Structures are given as structure tokens and as C-alpha cells.
Number of protein chains: 2
Amino acid sequence: MTKAQTAKAIRKGSSQKDALDRRQEILSAALNLFSMRDYSAITIKEIAQLAGVNSSLLYYYYEDKEALFRAALEEAVGAAMGNYDEVASKHSEPVDLINDWFQMHVTLASDIRRLVKILMDYSSSQSHSRVLDDVISKFYDVEIQILTKAVKRGQRVGLFNKVSPNAAAVFASTHLDGVMVRSIIQPRLDIAGAVDALRDAFWAYVGYKP
Amino acid sequence: MTKAQTAKAIRKGSSQKDALDRRQEILSAALNLFSMRDYSAITIKEIAQLAGVNSSLLYYYYEDKEALFRAALEEAVGAAMGNYDEVASKHSEPVDLINDWFQMHVTLASDIRRLVKILMDYSSSQSHSRVLDDVISKFYDVEIQILTKAVKRGQRVGLFNKVSPNAAAVFASTHLDGVMVRSIIQPRLDIAGAVDALRDAFWAYVGYKP
DNA sequence: GTCTATAAAAGGATAGAC
DNA sequence: GTCTATCCTTTTATAGAC
């Protein structure tokens, strides 16, 4: 019995669920690789190898390499969106929410860094899809809205000064992207320290004394 | 007479200088393309076409594709370093220097964005060279030192509060990278507006009232 | 120096057996 | 569903003429 046959034998039975698993395995392998290096630097065979399947199988589950990339990007954005919603719905108090927001970027730094990397690669690629463009827009909108709301709440209860809530939100969001990028270019970067500095600056910006 | 022969005839005479020009033309074409898309997405023929020469000629001037990429990266960093030094040596007054520093990132946004993109591509590539790693480290060191010095001077003359000058410098530098990245992912981003917000936050952070 | 021609390898994608 | 075999195209790189 060959390796492949053994594997097949183990997975025998409900073939529907297997297919979903396999699809997910391939997607996961693709996401890992696409977020490490560039789209064109990743080969179909490499993805298949990481997923532990034959490269032809990728064409059974996905139309072509680009479709696989799109699926991987949507997956990454969806996961991040989930984290965002979780933090947002956990806090009613604006200071706690924003502190936790910053903390999340330290804790999940490697995931968020991957997302930023993959978003950059997509943005500087030729072929854009309307759907993905919308997904990405939506994603940043959600982030900005969560932060904007928090700043507004802080102003309403008299904790923060009268700055533009939207500007403050864009500011924090942009800086966090900067931290992620800098930690790609300079892997030695002290992410926690960089986020601490952002926290100090952000509170100074909105006029909050911790 | 073919096109190529005509071009050759025009360039007749001192062949030494011609070689330098041609070398530069190729390098310039490579830099343009490498900063637009990823290393692996750019082909030798594409570079040659943009430079207006045959693709084989690239191997006369550069050992291989990687050597050409390295040269392009050094060129981009060198150019940015030149801009940095220029702004730094123009000001003795810290507030002016920092304001001009921010302004430079608006004015030269497309160049700096390209640099950030190419630095990211290099960082997430497999093959690293000791020389390039050092060039990049040096580059960020120079930026941090210029800003750190300015903050220290501002503190000495009593304009700024007692914050860590290095932390303030890293903060500004990181945020500017964030602005560049965000403007890649979202081309609609209002760069001038984003830098304005940074300016406000930075002055709040160091306790300066403009 | 610059080009033509071409070798050599790699990568994406498909046909078809099982 | 998954694999083997293979085709086709692209791409890097070299040899050699001019």
C-alpha cells in the first residue's frame, strides 16, 4: 500500500466532509505562503507540497492560482474582521476599548503583519477584482468606525478633547500599519515598545491623561 | 540602417561614458519596475524593453537579475539618504526641521512610497545579502538620528517636554512608513491630511504648542 | 558594446487513469 | 477525489556573430 492509499483509507467514509477539509487545508497552506512571500514567488507546487497533496488537486478545488489567492485574501480579512468585532463588542468604555485595540495588535502581531503584507501585494498587483476591492474597503471602514465611535463616546463623557474623531481613528489605524510594516523591514523592532509610544501619543493627541 | 545602428551611430565616440549611461539607463528602468511590482513579477525582458535595449545586454552590465535588484535597491536608498541629508542640513531650528521633514514626505511621497515597497519586498525575500542589510540598517539609523537630535535640541531650548527623544523619533518615522503603506493599499488616501494629523499628534506628544 | 539565436529550467495548467 | 504524466509557455541565462 502506498502512502497515498493509506491516507485515503484513513479518510474513507463521508467524502463530503473530507472535501471541505481538503479545501481548507489547501487554502490554509496558500495563505501561509502568500503572506510570507509575493504572489509570483509562490508556486502551485509549493502550496501543494505544504498542504501534502498533489499539485493537480489544487485545480480541482480552485479554478487557478489567482482564484486561490483571492480566497486566501478573503480568508485573512475575514479572520481579522472577527478579531476586530470581538474586541469592539467586549468594551463599552472608550479608554479600555482603545487600550485593548492597541494590545491586540501586539498579541496578534504576526497575523496582522501577514494581512498587511498580503494586502500590499494585492494592491500592487495588476489584476484587481471588484469584490476584493470592496472587501478591503469594508475592512478598513470597519476599523475606522470602531475607533471613531470610541473617540466620540470619550468626548461625550468628557474624557477627551475636541479633536476630529475620524482623524484620530485614521491616525491610530495608520500608525498600527506602520508598526507592522516596520516590523517586516526590521524584524528586530520592539513591537510592544512601538505600540506603547503610539498609546502615549494617542492619549496626548486626544487630550486624555491616563 | 536599422534603428539599433542609428542609435549606435549617434552614441559614437567616447565609449566609456556611453557604457556608464547605458548602465544607468538599465538601472533606472529596473528601479522603476521593481518599485512598482514584486521582484519575481518583473522579467528581465520587461526591464530591457523599458530601457530600450536587448535583454541580453543586461547580463553584460550585471551578473544576474538579483545583482540588478541589489543595485536598484542601493540606488533608491542612496537617493533617499541624499534627500534626508539635505533637509537635515538646511535647518538649525528643531521645529522647522521637523515640520520640513514631514513636508518632505508629502512632496516626495511617490519616491518614498516606492522605497518602502522595495524595502518590504527585499525583507520578505529569501536571499539576503550582508551588504544590503547593512545599507538598510544604516538608512533607518540616519533617519532616527536626525530626528532624535532635533528633539534633543528642542528640549535643550525648552520648547519640548521631557520625553524620550529616541522614542519620539521612532514614533514619527514609523508613522510616516504607515502613511506610505496605507497610500499603497488605499490609493485614495489623503497623504497631506494624514501627515497633518501626524504633525498635530507629534507636537502633542513632545508637548509643543505651535 | 550590442544583438540574434538558443539552451535549459521552471512554472501553470490539462487529460486521463484509478 | 486524488494522482501520474505531460504539454505549453514563460523566463533566466549563455554562446557567439557583428
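Just so we're on the same page: letters track the sequence lines, and every chain starts at 1. Being a predicted model, the structure only gives us computed values, none of them experimental.
You'll find that the side chain of A:Y59 is closest to C:dG12, out of D:dC3, D:dT12, C:dG12.
Contact annotation: A:Y60 side-chain N/O to D:dC3 OP1/OP2 distance is not under 4.0 Å. Of the side-chain N and O atoms in A:R22, none sit less than 4.0 angstrom from OP1 or OP2 of D:dG1.
Atom CD1 in A:I44 sits roughly 15 Å away from atom P in D:dC3 (whole-Å rounding). In this entry the distance linking OH of B:Y62 with P of D:dT12 reads 16 Å, nearest Å. When rounded to the nearest whole Å, the span between CG of A:N54 and C1' of C:dG12 equals 13 Å. In this entry the distance linking CG of B:L58 with C1' of C:dT2 reads 12 Å, nearest Å. Distance CD (B:E63) to C1' (D:dA13): 12 Å, rounded to an integer number of Å. Taking atom CZ on B:R23 and atom P on C:dT2, their separation rounds to 12 Å, with Å as the unit. Atom OH of B:Y61 is separated from atom C1' of D:dT14 by 18 Å (rounded to the nearest Å). Between A:D64 atom CG and C:dG12 atom P there is a gap of 11 Å when expressed in whole angstrom units.
For the pair B:L132 and B:R70, the tightest heavy-atom approach, listed with the atom from each and the gap, is CD1-CG, 3.5 Å.
Between A:K45 and A:L57, the residue whose closest nucleotide on DNA chain D is further toward the 5' end is A:L57.
A donor atom on one side chain and an acceptor atom on the other are found under 3.5 Å apart for A:D133 and A:Y122. Checked by atom type, the side-chain pair A:S35/A:R113 shows no donor-acceptor distance below 3.5 Å.
Heavy atoms of A:I47 sit nowhere under 4.0 angstrom from any nucleic acid atom. Among the atoms of the strands shown, none is found under 4.0 Å from any heavy atom of A:L68.
Between B:D134 and B:K138, no side-chain nitrogen of the basic residue sits less than 4.0 Å from a carboxylate oxygen of the acidic one, so the salt-bridge criterion is not met.
A donor N or O paired with an acceptor N or O is not found under 3.5 Å between the base of C:dA13 and the side-chain atoms of A:S56. Between the side chain of B:T43 and the base of D:dT10, no donor-acceptor pair of N or O atoms lies under 3.5 Å.
In this structure, the ring of B:F171 has its center less than 6.0 angstrom from the ring center of B:Y205.
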